[in-house]
Amino acid sequence: MIRRALLFIAVVSGLLITPLGQAPSASKVFHIGYFVARGPDPATDGAFLRGLRDLGYVEGRNIVIERRFAYNKAEALPVLAAELAGMKLDLIVVAPINTALAMKKATNTVPIVMANGGEPVRVGLVASLARPGGNVTGLSNVSTDLIGKEMELLKEAVPGSSRVAFLVNASSPLADQQLREAHAGARSLGIRLVPGKARDASQYQAVFAAFTRDRASALIVNLDPMFFTHRRRIADLAAARRLPAIAAFREFAEAGGLMAYGANLADMFRRSATYVDKILKGAHPGDLPVEQPTKFDFVINLRTAKSLGIAIPPSILLRADEVIQ
């Protein structure tokens, strides 16, 4: 009787253990979508795969990934979203916010995980960060909050900057809000903002020429997948116009920009795998709170500073997470 009772308790205990704490089923193969607005990027795409592997998901063994890249073409987003929505997928990982919006319009039933979604409450993707509701959850990179911080860093590093250019993607659903935040931040610091809008890479030259005509003395590159993709070209254009520039992704400083301050995008993509794991194990996306970035990078490129004739104050260098010599 004791042995039977113990056996019964063991069986019931095993049934009560939540599957969220277990490894994925070895017998089931999951099918997910991976939909980003840019082209392939080894750093962020690789971080997502590493996050999956850490949780027991190996592509080709127990998970199949349908990848779609829009290559920064806004007109491709609804087409690719509809294509993914028509597949029998367990969930779809998206980045950034414009991709999430396109995917949400295509389906309100397939779970959607944001790897990097800016302002999801403001654009109506989720009801709140704490309780998203619906079929969307994931990580939110609140880009408008970064603009003021970048402006402060730029003014501290280049004290003479009284006219600051602001490069924004005119196709972004957050463009108007980002411009309002930038103007507010500039007014509080006594800076005149020089906005420049580009819909695609063909407009960069004209936008930078306008920055020069308007006598901009520094540049903020707004957080956007198009600018992330073209970061080296933008850094080169800034250098050619003698513009000290800052962006919200560390890769910009690595590509030759003066500074970068913002969330670590690779870390966000890695963390998005935890949402994939929870949803594949039965969690509802509407019950999973949207998380904010936890890892931020402040990177300074001293080689660029030297070429621009800028002496970065020691107080800023001491705060940097990385200094590129």
Side-chain angles (χ1 to χ4, degrees), residues 118 141-169 174-175 177-198 204 207-208 210-224 227-228 230-265 293 296-324:
N141 191 0
V142 186
S143 56
T144 52
D145 288 350
L146 293 173
I147 296 170
K149 180 65 175 178
E150 290 171 327
M151 208 168 287
E152 290 174 5
L153 288 170
L154 199 54
K155 186 172 183 180
E156 191 174 350
V158 191
S161 299
S162 59
R163 303 166 74 92
V164 175
F166 184 67
L167 181 62
V168 65
N169 184 348
L174 295 174
Q177 176 62 30
Q178 290 162 342
L179 280 170
R180 285 194 293 271
E181 294 286 340
H183 277 293
R187 283 194 299 270
S188 68
L189 294 171
I191 292 172
R192 178 179 174 184
L193 196 73
V194 182
K197 295 181 177 181
Y204 290 164
V207 170
F208 273 82
F211 288 158
T212 299
R213 286 196 304 272
D214 290 335
R215 304 191 307 279
S217 54
L219 168 67
I220 296 175
V221 180
N222 196 38
L223 179 62
D224 188 89
F227 301 149
F228 180 85
H230 302 143
R231 56 192 178 273
R232 188 168 298 279
R233 182 176 176 187
I234 292 170
D236 290 343
L237 284 168
R241 300 279 177 173
R242 308 290 294 173
L243 286 174
I246 186 171
F249 40 93
R250 66 173 298 123
E251 291 84 357
F252 179 70
E254 294 170 349
L258 177 64
M259 296 189 296
Y261 176 80
N264 186 298
L265 296 180
F296 288 79
D297 294 321
F298 179 31
V299 184
I300 299 172
N301 190 321
L302 279 186
R303 290 200 304 267
T304 300
K306 184 177 180 180
S307 69
L308 293 172
I310 296 172
I312 303 293
S315 59
I316 295 184
L317 291 174
L318 289 172
R319 302 204 303 270
D321 298 295
E322 181 182 348
V323 175
I324 300 172

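Since this is a predicted model, take the numbers as computed values, not measurements.
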Side chain to side chain contact (heavy atoms under 4.5 Å, CB included) assessment of Leu237 paired with Arg241: CA-CA 6 Å; Leu237 284 168; Arg241 300 279 177 173; 5.6 Å; no
Spatial distance of atom [atom1] ([X]) from atom [atom2] ([Y]) [nearest 0.5 Å]:
X: Leu219; Y: Leu258; atom1: CG; atom2: CG; result: 10.5 Å
X: Leu193; Y: Asp214; atom1: CG; atom2: CG; result: 10.5 Å
X: Ile246; Y: Asn301; atom1: CD1; atom2: CG; result: 12.5 Å
X: Ile220; Y: Ser161; atom1: CD1; atom2: OG; result: 9.5 Å
X: Ile312; Y: Leu318; atom1: CD1; atom2: CG; result: 12.5 Å
X: Phe166; Y: Lys197; atom1: CZ; atom2: NZ; result: 10.5 Å

What are the two closest non-hydrogen atoms of [X] and [Y], and how far apart are they?
X: Val299; Y: Ala253; result: CG1-CB, 3.7 Å
X: Glu156; Y: Ser315; result: OE2-OG, 3.5 Å
X: Phe211; Y: Val194; result: CE2-O, 3.5 Å
X: Ala218; Y: Leu154; result: CB-CD2, 3.6 Å
X: Val158; Y: Pro244; result: CG2-CB, 3.9 Å
X: Leu146; Y: Ala248; result: CD1-CB, 3.9 Å

Test log, rule side chain to side chain contact (heavy atoms under 4.5 Å, CB included), inputs Leu317 and Leu302: CA-CA 10 Å; Leu317 291 174; Leu302 279 186; 4.0 Å; yes
Ring pair (Phe, Tyr, Trp, His ring centres under 6.0 Å): pairs with one or both residues in residues 230-253, sequence neighbours excluded: Tyr204-His230, Phe228-Phe249
More than 12 heavy atoms from other groups under 6.0 Å of NZ on Lys155: yes
Residues, nucleotides or ligands: over 12 heavy atoms within 6.0 Å of Arg233 CZ: yes
Within residues 246-262 or reaching into it, pairs that qualify as side-chain hydrogen bond (donor to acceptor under 3.5 Å, both in side chains) - sequence neighbours excluded: Arg250-Glu254, Arg250-Asp297, Arg250-Glu322
Worked verdict on Lys149 versus Glu152 for side chain to side chain contact (heavy atoms under 4.5 Å, CB included): CA-CA 5 Å; Lys149 180 65 175 178; Glu152 290 174 5; 4.1 Å; yes
Partner set under side chain to side chain donor-acceptor pair (under 3.5 Å) for Arg180, not counting sequence neighbours: Gln177
Under 3.5 Å donor-acceptor, Ser217 side chain and Arg163 backbone: yes
Residue pair Asp224, Leu174: steps toward the side chain to side chain contact (heavy atoms under 4.5 Å, CB included) verdict: CA-CA 10 Å; Asp224 188 89; Leu174 295 174; over 6 Å; no
Among Gln178, Glu181, Glu150, side chain to side chain donor-acceptor pair (under 3.5 Å) partner for Asn222: Gln178
